[in-house]
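Quick note on labels: first sequence line is chain A, next is B, and so on, each numbered from 1.
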Amino acid sequence: VAIEDLLEPLSHSSGCDSYGTAIKFWSRPAEAARQAKQEGKLLLILHVSGNFEDAKFT
Amino acid sequence: VNALANDEVGKYVSEHFVSTFQKVATFRIAGGQKQGGNVASYFCTPDNRVLHVVAGPVNAATMLREARWVAETNKLAELNSAGDPAGSAEFVRRAHADRLRREHALDVAALDARLGRRALNNQGRVHLLLAAAPLVRVEQVYELVFEKFLGEQVSTSPVVEARQ
């Protein structure tokens with residue numbers, strides 16, 4: 001079994017997706033903040049009307 | 001959201017930021033047309049302190065320019081403050097005051113009663129807000145930004161699709 005196959009479910013559970021953009025988004029702001037701190041990066045938070053996951057509703 | 005689909009924006013943002021999203025409002029869909037709705041992009045420190053806000057949708061060039069400004073301003077703030085939070089806030093305050101003066105012809109050092117008659121666009125309002133309250137936390141300003149700057153009601157309601 002390839003390691004990627006084992007990790008695949010974990011990558012989904014972490015809630016990361018690009019949602020049709022060129023950027024990977026964390027679905028939970030708290031997790032994103034932890035990740036930013038860990039990676040020494042800043043945090044980009046989009047506040048949207050509607051559901052970001054569905055382009056029709058954003 | 002279209003600016004975020006741009007490859008150059010995606011590359012730069014991914015290198016310097018960890019990204020997330022939050023639904024803070026809603027809109028209606030009537031006759032297949034979207035009514036209302038907006039977006040605010042908060043560039044923050046990892047502990048949710050606001051370095052900058054892009055209020056409303058912008059094109060890729062603007063998003064890239066603002067993201068670069070944030071990243072470089074933050075680096076300079078770190079360099080100049082040597083880890084002192086108050087020093088960092090003061091640097092960010094001065095950076096916003098400088099943009100307010102250069103791009104919106106408003107000098108915060110000379111603010112007086114005439115301010116009430118000045119018509120600032122949303123980005124001018126952002127710079128004024130963050131010149132007055134640098135590194136404020138997101139939860140302290142997001143209602144102001146969405147309701148007063150963008151004219152949208154903050155809401156936990158789901159998107160409503162009106163029946164034909």
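Clustering ILVMFWY residues whenever any of their side-chain heavy atoms sit less than 4.5 angstrom apart, transitively, puts B:Leu144 in the very cluster that holds A:Ile45. Taken together through direct or relayed side-chain contacts under 4.5 Å among Ile, Leu, Val, Met, Phe, Trp and Tyr, B:Val108 and B:Phe91 form parts of separate hydrophobic clusters.
You'll find the side chain of A:Leu42 stays beyond 4.5 Å of the side chain of B:Val18, heavy atoms only. The side-chain heavy atoms of A:Pro29 and B:Thr20, taken from C-beta on, include a pair separated by under 4.5 Å. Residues B:Val24 and A:Val48 form no side-chain contact, since every pair of their non-hydrogen atoms from C-beta on lies 4.5 Å or further apart. Here the side chains of B:Phe21 and A:Ser27 are in contact, with some heavy-atom distance below 4.5 Å. The side-chain heavy atoms of B:Ser41 and A:Leu44, taken from C-beta on, include a pair separated by under 4.5 Å.
The residue among B:Val50, B:Asn38, B:Val154 with the most heavy atom pairs within less than 4.5 Å of chain A is B:Asn38. The residue among B:Gly10, B:Ser14, B:Ala25 with the most heavy atom pairs within less than 4.5 Å of chain A is B:Ala25. In terms of heavy-atom pairs under 4.5 angstrom with chain A, the leader among B:His52, B:Glu152, B:Glu15 is B:Glu15. Note: A:Ala36 leads A:Ser18, A:Gly20, A:Ala36 in heavy-atom pairs under 4.5 Å with chain B.
Scanning both residues, A:Lys41 and B:His16, for their nearest heavy atoms gives CB-O, 3.4 Å. The minimum heavy-atom distance between A:Ala32 and B:Ser19, with the atom names listed, is CB-O, 4.2 Å.
For a residue to count as touching a neighbouring chain, one of its non-hydrogen atoms must lie under 4.5 Å from one of that chain's; by this rule A:Lys24 touches chain B with the backbone only. Contact of B:Glu8 with chain A is not made at all, since no heavy-atom distance falls under 4.5 Å. For a residue to count as touching a neighbouring chain, one of its non-hydrogen atoms must lie under 4.5 Å from one of that chain's; by this rule B:Asp7 touches chain A with backbone and side chain alike. Looking at B:Leu51, only its side chain comes within 4.5 Å of chain A, counting heavy atoms on both sides. For A:Gln35, the parts sitting under 4.5 Å from any heavy atom of chain B are the backbone and the side chain alike.
Legend: residues meeting salt bridge (charged side-chain N to carboxylate O under 4.0 Å, His left out) with B:Asp84, ordered by chain and number and at least two apart, are absent. Contacts of B:Glu78 classified as salt bridge (charged side-chain N to carboxylate O under 4.0 Å, His left out), with partners at least two apart in sequence or in another chain: none.
Applying a 4.5 Å heavy-atom cutoff, the residues of residues 66-73 of chain B that approach chain A are B:Val70, B:Ala71. Contacts between residues 135-143 of chain B and chain A, counted as heavy-atom pairs separated by less than 4.5 Å, involve B:Val138, B:Tyr142.
Applying side chain to side chain contact (heavy atoms under 4.5 Å, CB included) to A:Leu43 and the options B:Asn48, B:Asp47, B:Thr45 leaves one that passes, B:Asn48.
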> How far apart are the C-alpha atoms of A:Phe25 and B:Leu4, what are their side-chain angles, what is the distance that settles it, and do they pass the side-chain contact (heavy atoms from CB on, under 4.5 Å) test?
Replying inline: CA-CA 11 Å; A:Phe25 284 89; B:Leu4 304 178; 3.9 Å; yes
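Ring orientation note: the planes of B:Tyr42 and A:His47 are tilted relative to one another, at an angle of 30° to 60°.
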